[in-house]
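When a ligand or atom number is given, it counts from 1 through the structure's own listing order.
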Amino acid sequence: AKRQPHFFTMEKTTIGTSLMNAEMELARAVVSEAARNAELLLSHLLGLRRHELFVSPERLLTNDETKTLNDLLERRKRREPVQYIIGAAEFRGLEMELSGATLIPRPETELLVDEALRALTATNAADIVIIDLCTGSGCIAISMATQLPEARIWATDISTEALVVAKRNAKRHGMADRINFLHGDLYAALNGTGLERKASLILSNPPYIPDDEIQRLEPEVAAWEPRGALAGGHDGLVFIRRIIAGADSYLANNGHLVMEFGAGQSGRVRELAEE
Ligand code: GLN
């Protein structure tokens, strides 16, 4: 009898072999960081921590696990971001749940939180009032809440779907009663809060990519992340302009506005702020 070509058989594979195969498959599909992605998907699938994969590389996967792993790999090969597939990303050591309605928190945005904390060092802890515009997954507001136990925090978003995720994240980290989540278009969400001239800090990582540039970004971003969380209008500055223009009415004396913007935008943003 002829031997069956092995790709037609359902062979049991070990964690070690699955990892290797997954990495190769992802690399062949030009997914960057193939090894790390393979580890993330496999540990998500098995409910293990990443390092635990290497503790029992001989453990066999069940047929169901192998099948599900293939599904996850197919999604990743279609360039769906690994964070959406596993439904989470880490931000300043806190796990944030995500959905397709929320931007994936970026490591560079962690620096925004560092800047914000620095800006508040001269403010009396009990007097701190923070507004986070475009909160998305809530990552910024929630990390501020964990760092500043006395601060009062308002977080807004125009996407009700994002707010559902943000509230879940706040709850998960025990910050639900610390943050007021409000729905609306930038400052319009704050109508009726009485926060005018009260904010020690306005924080935002607004959408700031020029509309035409989005299609040129990697498929993970262009095809999968919510356009509303990325697109900043023709010059990328539409929201930044509105945030700067409205800041004056909400900032207290000596209040700070801390915003993220694009690498090439600092000159324009400085001009807008000076105007
Ligand atoms: N504030 C969220 C973040 O920084 C969402 C930002 C956005 O959607 N533009 O990840």
Practice task
Any ring-ring contact (aromatic ring centres under 6.0 Å, His included) involving residues 183-227? Give me the pairs, sequence neighbours left out, ordered by first then second residue.
Solution key: Tyr187-Tyr250

Handout entry: Atom CG of Asn254: over 12 foreign heavy atoms under 6.0 Å
Key = no

Exercise for the section: Find out whether Leu73 and Asn21 are in side-chain contact, i.e. whether some heavy atom of one side chain is under 4.5 Å from a heavy atom of the other. Expected result: no

Practice task
Answer yes or no: are there more than 12 heavy-atom neighbours, outside Lys171 itself, under 6.0 Å from its atom NZ?
Solution key: no

Between ligand 1 and the protein, find all N/O pairs closer than 3.5 Å and give the distance for each.
unit_1   : atom_1 : unit_2 : atom_2 : d
ligand 1 : 1 (N)  : Cys134 : O      : 2.9
ligand 1 : 1 (N)  : Thr135 : O      : 3.2
ligand 1 : 4 (O)  : Asn205 : ND2    : 2.8
ligand 1 : 9 (N)  : Asn205 : O      : 2.9
ligand 1 : 9 (N)  : Ala229 : O      : 3.0

Exercise for the section: For Glu161, look at atom CD and say whether over 12 heavy atoms of other residues, nucleotides or ligands are found less than 6.0 Å away. Expected result: no

Handout entry: Ionic contact status for Glu90 with Arg50, cut-off 4.0 Å
Key = no

